[in-house]
Amino acid sequence: RYFKSVRISSLALLKMAMHCKSGGNLEVMGLMQGKTVGRTFVVLDAFALPVEGTETRVNAQAEAVEYMVEYVQAHESTGRFEQVVGWYHSHPGYG
């Protein structure tokens, strides 16, 4: 009935890790793209969002929403149709 596992491509993992590291002491946020296969989320790609981050939170304003829509539309225009399957954000200073 629910998803039981997640598979993350090396590309998506590397992009998320580099983005989170680049934020330093500020929290960052991005979206994950992929698909579902049976009871598994498959994350194939990820992209950073232009959000305002603090040490404890990110604020996704209208600019970030517009960016998401434009990014997904541009992605689809290249013939790739992975869906947004989730979002990620960093927790600087939590380990």
Side-chain angles (χ1 to χ4, degrees):
R1 193 172 124 157
Y2 300 101
F3 293 101
K4 295 292 185 183
S5 61
V6 177
R7 297 186 67 165
I8 303 174
S9 73
S10 298
L11 172 67
L13 181 61
L14 182 62
K15 288 171 83 171
M16 289 185 283
M18 289 176 62
H19 181 218
C20 290
K21 180 76 172 163
S22 74
N25 290 331
L26 298 178
E27 193 159 358
V28 299
M29 178 181 177
L31 292 183
M32 298 179 289
Q33 290 180 290
K35 59 187 177 181
T36 58
V37 178
R39 298 175 82 179
T40 301
F41 273 108
V42 180
V43 179
L44 299 169
D45 203 356
F47 65 95
L49 292 177
V51 296
E52 295 178 17
T54 68
E55 291 180 356
T56 59
R57 66 178 44 117
V58 289
N59 298 313
Q61 305 294 331
E63 176 185 343
V65 174
E66 291 174 19
Y67 182 87
M68 284 186 272
V69 171
E70 290 174 8
Y71 187 95
V72 170
Q73 288 174 342
H75 191 78
E76 289 174 351
S77 73
T78 65
R80 295 184 61 186
F81 294 97
E82 292 88 4
Q83 301 297 311
V84 172
V85 294
W87 58 277
Y88 68 90
H89 66 102
S90 61
H91 281 284
Y94 282 35

Just by distance, do the side chain of S5 and the backbone of T40 share a donor-acceptor pair under 3.5 Å? no
Taking all non-hydrogen atoms of both residues, which atom of C20 and which atom of V28 are closest, and how far apart? CA-CG2, 3.7 Å
How long is the gap from OH on Y88 to NE2 on H19, to the nearest 0.5 Å? 4.5 Å
K15 NZ to D45 CG distance, which is reported to the nearest 0.5 Å: 3.5 Å
Work out which heavy atom in M16 is nearest to a heavy atom in A46; give both atom names and the distance. CG-CB, 3.6 Å
Out of curiosity, K4 NZ to R39 CZ, how far, rounded to the nearest 0.5 Å? 5.0 Å
Do M32 and L13 belong together in a cluster built from hydrophobic side chains that touch within less than 4.5 Å? yes
Check the pair Q33, Q83 against side-chain contact (heavy atoms from CB on, under 4.5 Å), reporting the backbone distance first and the verdict last. CA-CA 5 Å; Q33 290 180 290; Q83 301 297 311; over 6 Å; no
Does one hydrophobic cluster hold both V72 and V42, with members joined at side-chain heavy-atom distances below 4.5 Å? no
Give a yes or no on whether W87 and L49 share a hydrophobic cluster (residues Ile, Leu, Val, Met, Phe, Trp, Tyr; joining criterion: side-chain heavy atoms under 4.5 Å apart). yes
Please check if F3 and I8 belong to a single hydrophobic cluster, counting links between Ile, Leu, Val, Met, Phe, Trp and Tyr side chain heavy atoms closer than 4.5 Å. yes
Decide whether L31 and V85 are clustered together by the hydrophobic rule: side chain heavy atoms of Ile, Leu, Val, Met, Phe, Trp, Tyr closer than 4.5 Å, transitively. no
